[in-house]
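Throughout, residue positions are numbered sequentially from 1 according to the sequence presented. We use all heavy atoms of the structure for the numbers below, so side chains are in, but hydrogens, waters and symmetry mates are not.
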Amino acid sequence: MTHATPFTWKPFLRDWSGEWADSLTDGTVRPPADESARRDRWLGFPGASEERIAALEERLGRRLPPSYREFLAVSDGWRHAGGFITVLAGTAEARWHEDAYGLAEMFEDYLDDDPSPEELRDVEVWRRGLQLDVESDVTHVLLDPGDVDEDGEWAVYSWASWRAEAPERFPDFATFMRSMHQEFHSLRARTADGEPEFVNATTRRLDAQVEEARVRALGGDWERAEQALDEAKGYGRPRAAGLGDQIRRLLGRTYLVYYEGLVIDPRYAPELLPPLVAEHAARAYGDDSVLTYHLRGAADEVVALAYTLLEQVRAGTYRYTAAGAFGEAVDRARDSARWGDTDGAWRTLTDALPLWRPLGPDHLAPLGWVADPLLGPLLTPERGRALLSAPRGGQAGAPHVDTPPSDPEGLSWLADPDDPGEHTSYRFVLVEDVEPRDLPGRLADGEDAALDEPMTSHEAHSRWLAGRRGEFSTYDDRALVAVGRAGARWSFAFDGGRTHLAPQRFVSPASAATVGADSRSVVVWGGLRVGHGNPFFHLSVARGGAELYAFTYADGEVRRSGPIPPGLDPGRFFASDEDGDSDEATDRFSVSRSPEGPAGTAAAVGAERALLEAVAAEFGVRLPRHAITRGRLHTFTTRSWTRPPREGETYAVTRFGWIPE
């Protein structure tokens with residue numbers, strides 16, 4: 001906000017006074033000062049002369065900040081600043097606080113051994129601040145001469161023990177008074193029986209602003225719409241919070257988003273309840289009374305719907321639906337997301353946005369899908385902004401702009417140590433001309449040859465561990481894999497758990513994946529990162545149930561079989577001891593000899609990335625990063641990737657369990 005001036009103070013204070021007077025009921029006994037203020041329609045006092053202001057500055061030994069000085073010239077003090085300050089100081093009452101109530105010591109007790117500048121400021125302000133509260137509901141207001149901006153304005157700090165843990169900061173006195181005017185409005189916006197309707201020029205202006213913001217938001221101008229709605233929300237105007245929360249939720253800002261006033265409306269409940277319930281389920285830890293609080297005033301059928309949705313969200317069975325052509329696009333998008341094509345799913349949704357229609361005049365965008373277990377992970381802040389920028393609901397506007405894909409091409413993202421997922425080792429099987437749903441039949445046996453419902457990697461791993469009943473052996477190495485599409489003709493089964501290759505017992509699943517089919521399979525098992533065990537890398541390719549070629553890099557040596565294509569020849573990527581210091585060797589990565597630290601990490605990442613790029617180029621495949629690291633995919637458990645122990649070989653079995661007390 002710009003600083004107030006003498007020209008703006010008087011009409012602002014005069015309007016505030018009139019709104020306050022009109023909000024009072026007849027027949028109520030009030031203090032004489034309040035009755036006089038109501039009759040005069042003026043909450044202030046006569047303005048202070050320049051001499052009185054100068055005398056105050058001489059008493060304080062400081063020149064006052066501009067906005068407070070200009071305020072005093074219009075009104076030498078103020079009554080009912082907001083809802084909890086009865087009298088605000090003028091020239092006669094303003095004085096240095098000098099920690100009159102021991103608050104500096106109290107805040108000092110909260111400090112840890114390394115307090116931030118802000119925390120130290122919250123202590124010192126009580127010792128150096130200018131006290132402005134004269135009468136209040138245990139609410140303190142200070143001007144801080146130690147927090148001054150380039151215009152000479154002092155920051156205002158307000159604190160009440162029942163309101164916040166730390167003082168609230170305002171950049172200047174004018175901003176503080178604007179906030180108190182908002183507080184007055186928000187407390188009077190909901191009138192009780194017998195009180196006069198709270199309607200005035202300010203409420204009419206803000207209500208028109210809310211409606212204009214609604215139209216702007218549907219047309220894609222969400223930033224200006226959000227600013228307008230936030231201002232109206234601060235004044236407690238109906239609709240403003242519910243409309244603004246729809247924007248905030250699509251931007252990923254879920255804190256204190258409750259769709260106030262709209263979520264209990266049966267028209268909007270099918271769209272607004274799912275994201276509210278999903279956020280509650282993620283945070284409530286079983287205490288569902290909070291959900292009931294946010295539904296106060298709702299009809300029984302809305303409350304019943306909320307708890308039905310809560311059961312579905314917790315069970316992972318909620319499915320978002322929408323009417324008409326947009327609903328058909330939702331179904332197609334869900335199918336794409338199910339198999340890992342999250343970028344394709346997002347394109348399907350956004351391409352269909354012109355077909356979407358709101359459920360009522362206060363519905364700004366499709367929202368229920370963010371609670372869908374398959375569609376919800378599609379949302380990112382960038383995509384939320386893109387959706388909000390797209391005209392919808394019959395409004396005209398600029399065409400929506402496609403967001404950059406969240407999935408990089410190929411496989412090399414697995415080699416990025418800063419990438420989501422932080423895969424220090426991984427293994428995957430790629431199978432050509434086979435649908436993802438058919439992979440369990442090629443890579444698993446018995447009860448394992450079926451897909452589980454889509455889950456996040458964390459959910460799937462937790463369930464898998466529970467299914468193992470705490471028993472693990474050193475020879476049985478069955479992989480928990482997520483499945484999806486890896487390109488136009490390929491499917492993948494991916495395991496991103498921390499694993500380590502045992503070359504002497506490893507059995508590649510490549511051949512078994514193509515038995516009875518004239519198609520190829522590719523197996524990759526990578527773990528080249530220095531500092532995460534001995535570096536290793538394996539590649540094997542099979543067709544029609546027979547291995548075509550393979551190589552394994554482990555313990556600083558390369559073992560190979562079959563005619564390996566030039567683009568995948570391990571000699572391109574790994575320098576052997578026999579290479580010596582030849583020029584050819586310097587162009588390759590000697591991972592086994594890489595030292596710890598940045599140089600070793602760079603060599604390992606370089607070798608890994610080059611290998612993954614070569615595999616992607618040779619077969620035209622990719623892995624969907626977003627789906628693997630953030631989405632939900634079907635999973636199953638493969639056969640063991642290691643052979644059973646031979647005669648004379650030993651192995652260990654570890655069991656974990658509870659010991660009865």
With a 4.5 Å heavy-atom cut-off, do [X] and [Y] have their side chains touching?
{"X": "Leu451", "Y": "Pro440", "result": "yes"}
{"X": "Tyr259", "Y": "Arg249", "result": "yes"}
{"X": "Leu633", "Y": "Phe494", "result": "no"}
{"X": "Phe536", "Y": "Thr552", "result": "no"}
{"X": "Val522", "Y": "Leu539", "result": "yes"}
{"X": "Arg639", "Y": "Pro509", "result": "no"}
{"X": "Met455", "Y": "His461", "result": "no"}
{"X": "Ser491", "Y": "Val483", "result": "no"}

With no hydrogens and no angle check, is any side-chain donor or acceptor of [X] less than 3.5 Å from a backbone partner on [Y]?
{"X": "Asp343", "Y": "Asp407", "value": "yes"}
{"X": "His363", "Y": "Ala365", "value": "yes"}
{"X": "Asp569", "Y": "Gly571", "value": "yes"}
{"X": "Thr638", "Y": "Ala479", "value": "yes"}
{"X": "Arg357", "Y": "Pro354", "value": "yes"}
{"X": "Arg560", "Y": "Val558", "value": "no"}
{"X": "Arg489", "Y": "Val621", "value": "no"}
{"X": "Ser521", "Y": "Ala510", "value": "yes"}

If you measure from [atom1] on [X] to [atom2] on [Y], what distance do you get to the nearest 0.5 Å?
{"X": "Gln246", "Y": "Leu388", "atom1": "CD", "atom2": "CG", "value": "10.0 Å"}
{"X": "Arg485", "Y": "Asp341", "atom1": "CZ", "atom2": "CG", "value": "8.5 Å"}
{"X": "Thr348", "Y": "Leu378", "atom1": "OG1", "atom2": "CG", "value": "9.5 Å"}
{"X": "Leu379", "Y": "Leu349", "atom1": "CG", "atom2": "CG", "value": "10.5 Å"}
{"X": "Leu251", "Y": "Trp222", "atom1": "CG", "atom2": "CH2", "value": "4.5 Å"}
{"X": "Ile628", "Y": "Phe492", "atom1": "CD1", "atom2": "CZ", "value": "4.5 Å"}

[X] versus [Y], closest heavy-atom pair with distance:
{"X": "Ala337", "Y": "Ala345", "result": "N-CB, 3.9 Å"}
{"X": "Pro274", "Y": "Ala269", "result": "CD-O, 3.6 Å"}
{"X": "Trp339", "Y": "Pro436", "result": "CE3-CB, 3.4 Å"}
{"X": "Ala325", "Y": "Leu355", "result": "CB-CD1, 3.6 Å"}
{"X": "Gly368", "Y": "Pro275", "result": "CA-CD, 4.1 Å"}
{"X": "Ala554", "Y": "Arg559", "result": "O-NH1, 4.2 Å"}

- Identify which one of Tyr553, Phe506, Trp525 satisfies the ring pair (Phe, Tyr, Trp, His ring centres under 6.0 Å) criterion when paired with His538.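 For His538, the ring pair (Phe, Tyr, Trp, His ring centres under 6.0 Å) check succeeds only for Phe506.
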- When the aromatic ring centroids of Trp413 and His626 are compared, is their separation below 6.0 Å?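 No.
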- Do Arg427 and Asp477 sit within salt-bridge range, that is, some charged N less than 4.0 Å from a carboxylate O?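 A salt bridge links Arg427 with Asp477.
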- Item | side-chain contact (heavy atoms from CB on, under 4.5 Å) assessment of Phe574 paired with Phe537 | CA-CA 10 Å; Phe574 302 108; Phe537 195 91; 4.2 Å; yes
- Query: side-chain contact (heavy atoms from CB on, under 4.5 Å) between Val429 and Val481: does it pass, once the steps are laid out?
  - Reply: CA-CA 9 Å; Val429 184; Val481 291; over 6 Å; no
Side-chain donor-acceptor pair present, [X], [Y], cut-off under 3.5 Å:
{"X": "Tyr320", "Y": "Glu271", "result": "yes"}
{"X": "Ser508", "Y": "Glu547", "result": "no"}
{"X": "Glu382", "Y": "Thr403", "result": "no"}

- Residue pair Asp518, Arg543: steps toward the salt bridge (Lys or Arg N to Asp or Glu O under 4.0 Å) verdict: CA-CA 6 Å; Asp518 186 25; Arg543 184 170 202 155; 3.3 Å; yes
- Task: Step by step, work out the side-chain hydrogen bond (donor to acceptor under 3.5 Å, both in side chains) result for Ser406 and Arg630.
- Result: CA-CA 11 Å; Ser406 61; Arg630 295 185 55 182; over 6 Å; no
- Task: Apply salt bridge (Lys or Arg N to Asp or Glu O under 4.0 Å) to the pair Arg334 and Asp331, showing each step before the final yes or no.
- Result: CA-CA 5 Å; Arg334 183 183 292 108; Asp331 293 338; 3.4 Å; yes
- Item | side-chain contact (heavy atoms from CB on, under 4.5 Å) evaluation trace for Phe428 with Leu414 | CA-CA 11 Å; Phe428 56 87; Leu414 288 166; 3.9 Å; yes
- Query: Looking at Leu411, Asp495, Val524, which hits side chain to side chain contact (heavy atoms under 4.5 Å, CB included) with Tyr426?
  - Reply: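 Looking at Leu411, Asp495, Val524, the match for Tyr426 under the side chain to side chain contact (heavy atoms under 4.5 Å, CB included) is Val524.
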- Query: Arg632 and Asp452: salt bridge (Lys or Arg N to Asp or Glu O under 4.0 Å), yes or no, with the steps?
  - Reply: CA-CA 11 Å; Arg632 285 181 169 88; Asp452 293 323; over 6 Å; no
- Message: Quick one, Val541 with Phe619, criterion side-chain contact (heavy atoms from CB on, under 4.5 Å). Give me CA distance, side-chain angles, the key distance, then yes/no.
- Response: CA-CA 11 Å; Val541 180; Phe619 301 101; 3.7 Å; yes
